[in-house]
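We number each residue from 1, following the sequence as shown. All of these numbers come straight from a predicted model, not from anything done at the bench.
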Amino acid sequence: MEHSRARQDTRRRLLKGAAAAGLAFPMLNFASFRVFADSETAYSARAVGLVERALVIDMLGVLKIDFEPTAYSTPLSDADAAAFRASGITGFHNSIGTGGPAAVEETLSFLAAWEGFAARNSDLFCVADTASDLDHAKAAGKCAVIMGVQNAEHFRKAEDVKAFHQLGQRCAQLTYNSQNLLGSGSTDRVDGGVSDFGAEIIAAMNDAGMLVDVSHCGDRTTLDAIEISKRPIAITHSNCRALNDHPRLKTDEAIAKLAAKGGVMGITGVRNFVRDREPTTIEHVVDHVDHVVKVAGIEHVGIGSDSDLNGYDDMPADQRKELMAAYKSSYAFRDKLDTDGFDHPKKVYDLTEALIRRGYSDPDIESVLGGNFRRLLGTVWVPAPATPTERKGS
């Protein structure tokens with residue numbers, strides 16, 4: 001009787017959540033049901049309930065992969081809006097790489113363009129300035145946009161960090177794949193670690209309440225940043241080199257040291273980062289979750305898909321070719337860029353099912369889906385107290 005009541009309560013709660021999201025549940029039963037009318041995939045009641053409850057954060061989930069310079073100004077279609085609402089994801093870390101002589105101008109344009117995009121579609125999006133904004137977005141059924149940059153070349157002096165924070169930037173990688181004034185990238189031949197200037201920028205980011213990210217940094221630069229930062233940092237989107245010997249992935253040493261300082265690592269679904277051979281499926285993505293848990297503990301792993309909702313393989317052919325040509329051969333791209341089963345707008349549901357199959361508990365799955373990154377952002381996104389001189393305004 002109690003089991004029957006529990007199932008009825010679960011069914012009522014799921015139906016209530018579906019009604020709030022404007023979704024229909026054909027083929028509903030107590031074991032599994034088709035959540036989306038346009039999909040043949042049936043998800044378990046447990047998986048749907050977990051995504052419904054969890055604050056899901058994709059710590060590298062760009063809003064749109066499109067190289068057209070006016071992509072941000074294109075009106076959001078009803079189908080695209082429905083895909084965002086149905087994805088189960090609340091927090092999207094919208095971050096790209098800028099750099100070179102025009103890094104400042106490129107970054108300013110990026111922040112203005114996509115914050116404007118969120119504002120013009122405010123029925124769906126809101127910009128996250130604080131961790132509580134993520135909670136509010138979840139309660140309101142909206143998608144919170146975290147503005148970040150996958151490089152730090154636009155910081156020409158330490159004071160620039162506070163200025164860009166005031167413009168809405170909440171996360172910065174120290175380097176992309178190549179050397180800059182702060183440190184080395186993952187595909188550099190030599191990694192000299194974090195420079196004196198890089199240490200200044202890290203300190204300024206700590207003071208401003210901006211998250212330090214080392215996803216694309218070289219090994220020495222990654223370890224230096226973890227050590228130098230007064231606050232926990234993130235690897236927002238990478239995988240484990242112990243499972244796949246790729247220069248863009250992280251060593252067990254880095255993962256363990258990141259966790260010891262309270263940091264979190266987001267697992268990505270980019271195919272060549274997941275596995276170096278076929279097949280490459282969502283089960284191999286979960287292998288990387290398992291490995292971080294083994295090395296660092298469940299509290300230090302999350303999601304950083306490194307794609308938009310649809311993934312890279314749905315890009316126009318010319319744009320996809322342009323993208324792949326922009327990286328060194330060490331990236332080892334294959335014919336497909338997305339991982340099977342983690343390449344569509346509802347991938348969080350499939351990931352949740354895969355975590356269930358691995359035997360993770362509900363609280364642990366909620367932590368992986370977003371709870372760990374929520375904790376990290378709540379810790380880091382708090383500016384340091386002003387000094388007496390700053391309070392006097394002198």
**Message:** Please check: side-chain N/O of Thr90 versus main-chain N/O of Leu55, any donor-acceptor pairing under 3.5 Å?
**Reply:** no
**Message:** Looking at every heavy atom in both Arg231 and Val380, which two are closest together, and how far apart are they?
**Reply:** NH1-O, 2.6 Å
**Request:** Indicate whether any N or O donor in one side chain lies under 3.5 Å from an N or O acceptor in the other, for Thr281 and Asp340.
**Result:** no
**Asked** Is it true that Asp306 and Arg248 have a side-chain N and a carboxylate O under 4.0 angstrom from each other?
**Response** yes
**Message:** Less than 3.5 Å apart, any donor N or O on the side chain of Ser229 or Lys261 sitting next to an acceptor on the other?
**Reply:** no
**Prompt:** Is Arg334 paired with Glu278 through a side-chain N to carboxylate O contact shorter than 4.0 Å?
**Reply:** yes
**Asked** Do NZ/NE/NH1/NH2 and the carboxylate oxygens of Asp160 and Lys157 come within less than 4.0 Å?
**Response** yes
**Message:** How about CG on Asp123, more than 12 heavy atoms from neighbouring residues, nucleotides or ligands closer than 6.0 Å, or not?
**Reply:** yes
**Asked** Do you see a donor-acceptor pair shorter than 3.5 Å between the side chains of Glu105 and His154?
**Response** no
**Message:** Let me confirm one number: the CZ-CZ distance from Phe84 to Phe92, rounded to the nearest 0.5 Å.
**Reply:** 5.5 Å
**Asked** Among the clusters formed by ILVMFWY side chains lying less than 4.5 Å apart, do Ile303 and Leu377 turn up in the same one?
**Response** no
**Check ion pair Arg220-Asp224 (N to O, under 4.0 angstrom)** = yes
**Prompt:** What do you reckon, is CZ of Arg189 surrounded by more than 12 foreign heavy atoms closer than 6.0 Å?
**Reply:** no
**Cationic N near anionic O, under 4.0 Å, Asp207 to Lys230** = yes
**Fill in**
Output for pair (Ser186 OG, His246 NE2), nearest 0.5 Å, gives 8.0 Å
**Message:** Between Glu283 and Arg358, does any side-chain N to carboxylate O distance fall below 4.0 Å?
**Reply:** yes
**Asked** Which atom pair, heavy atoms only, marks the closest approach of Leu376 to Gly263?
**Response** CD1-CA, 4.3 Å
**Request:** Would you check if there is a donor-acceptor pair between the side chains of Asn272 and Tyr327 at a distance under 3.5 Å?
**Result:** no
**Message:** Quick check: closest heavy atoms across Val292 and Ile255, and the distance to 0.1 Å?
**Reply:** CG1-CG2, 4.1 Å
**Asked** Can you name the side-chain hydrogen bond (donor to acceptor under 3.5 Å, both in side chains) partners of His93, sequence neighbours left out?
**Response** none
**Request:** Before accepting this row, confirm whether a basic side-chain N of the pair Glu253/Lys257 lies closer than 4.0 Å to the acidic partner's carboxylate O.
**Result:** yes
**Prompt:** Between NE2 of His344 and OG1 of Thr41, what distance do you get to the nearest 0.5 Å?
**Reply:** 6.5 Å
**Inter-residue atom distance Ile89.CD1 - Lys138.NZ, 0.5 Å rounding** = 11.0 Å
**Asked** How close do Ala296 and Ala259 get, heavy atom to heavy atom, and via which atoms?
**Response** CB-CB, 3.4 Å
**Request:** Kindly determine whether Asn239 and Asn244 satisfy side-chain hydrogen bond (donor to acceptor under 3.5 Å, both in side chains), including the steps that lead there.
**Result:** CA-CA 8 Å; Asn239 286 343; Asn244 183 14; over 6 Å; no
**Request:** State plainly whether the residues Asp313 and Arg271 are in salt-bridge range, i.e. N to O under 4.0 Å.
**Result:** no
**Message:** Ignoring hydrogens and geometry beyond distance, is a side-chain donor-acceptor pair present between Tyr72 and Asp66 at under 3.5 Å?
**Reply:** no
**Message:** Keeping Asp213 on the side-chain end and Gln150 on the backbone end, is there a donor-acceptor pair under 3.5 Å?
**Reply:** no
**Asked** Can any side-chain N or O of Asp188 pair as donor or acceptor with the backbone N or O of Asp191 at less than 3.5 Å?
**Response** no
**Prompt:** Around Asp196, counting heavy atoms of other residues, nucleotides and ligands shown, do more than 12 lie under 6.0 Å from its CG?
**Reply:** no
